[in-house]
Novice: 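Pasting a structure below so you can have a look.
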Amino acid sequence: GEDVEQSLFLSVREGDSSVINCTYTDSSSTYLYWYKQEPGAGLQLLTYIFSNMDMKQDQRLTVLLNKKDKHLSLRIADTQTGDSAIYFCAEIWLTSGTYKYIFGTGTRLKVLA
Amino acid sequence: EAGVVQSPRYKIIEKKQPVAFWCNPISGHNTLYWYRQNLGQGPELLIRYENEEAVDDSQLPKDRFSAERLKGVDSTLKIQPAELGDSAVYLCASSLSRGELNEQFFGPGTRLTVL
């Protein structure tokens, strides 16, 4: 079955870069997303990447996609305490005429002051 | 602009009792999603609506779960009867279109505890 895996925890010092990794299983994914979830809140879309791209940069965020290895990463430059949250990768693909969405297990990022 | 509204925020019930969650999506969003998020996990899609039509309910446990979106706006998700394993956060999300790049806007969720 479909599965999107992430490491559970990541701890970094304020000002350092954070790299959150994700592996996915469906090679026909069309879009891959990164969502952020703060305590007691719903998920918020951070950024996304088309499956035909290798990299996308958006201010402090850099997304890298390795389709061959089905590996997605999110790099946060100059990590701030406000970046502490749970980060979810998600993939979407078309099957049997409908879109399927699968979220990863989430990576809890803790930023130390 | 108001975001996705969900109520209640918290619900504690005993097993075998019924429970209902309500969601009001962002105005104008025709697609509505219900997700279940277990502790330490990512959200899992239960059902997706396009207007009032349920277009994907393949992951909805139909023996005890039901949902409706009668007028294509707000929606209700019901569990009857609830079981201990139903304890989770139930998230509602909405989006403008059903296309591939459809940014989903999530509500804060309803945290259900079944005792």
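Every chain is numbered from 1, with letters handed out A, B, ... down the list of sequences.
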Novice: Pick from Arg108(A), Lys110(A), Arg60(A), Arg75(A): which one makes a salt bridge (charged side-chain N to carboxylate O under 4.0 Å, His left out) with Asp83(A)?
Specialist: Arg60(A)
Novice: Side chain, backbone, both or neither: which part of Gln37(A) has an atom under 4.5 Å from a heavy atom of chain B?
Specialist: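 The side chain, not the backbone.
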Novice: For chain A, which of Arg111(B), Gln59(B), Gln37(B), Gln6(B) has the most heavy-atom pairs under 4.5 Å?
Specialist: Gln37(B)
Novice: Counting heavy-atom pairs under 4.5 Å to chain B, which of Leu43(A), Ile86(A), Thr105(A) comes out on top?
Specialist: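 When all of Leu43(A), Ile86(A), Thr105(A) are compared, Leu43(A) has the most.
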Novice: side-chain hydrogen bond (donor to acceptor under 3.5 Å, both in side chains) between Thr31(B) and Glu50(B): does it pass, once the steps are laid out?
Specialist: CA-CA 5 Å; Thr31(B) 307; Glu50(B) 296 293 339; 2.9 Å; yes
Novice: Could you have a look at Asp56(B), Val4(B), Leu45(B) and say which one has the most heavy-atom pairs with chain A under 4.5 angstrom?
Specialist: Asp56(B)
Novice: First locate atom OG1 of Thr110(B), then atom CG of Leu112(B), and finally report the distance between them rounded to the nearest 0.5 Å.
Specialist: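 Output value for this atom pair is 8.5 Å.
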Novice: Checking ring pair (Phe, Tyr, Trp, His ring centres under 6.0 Å) for the pair Tyr35(B)/Tyr90(B): CA distance, chi angles, key distance, verdict?
Specialist: CA-CA 6 Å; Tyr35(B) 289 90; Tyr90(B) 290 83; over 10 Å; no
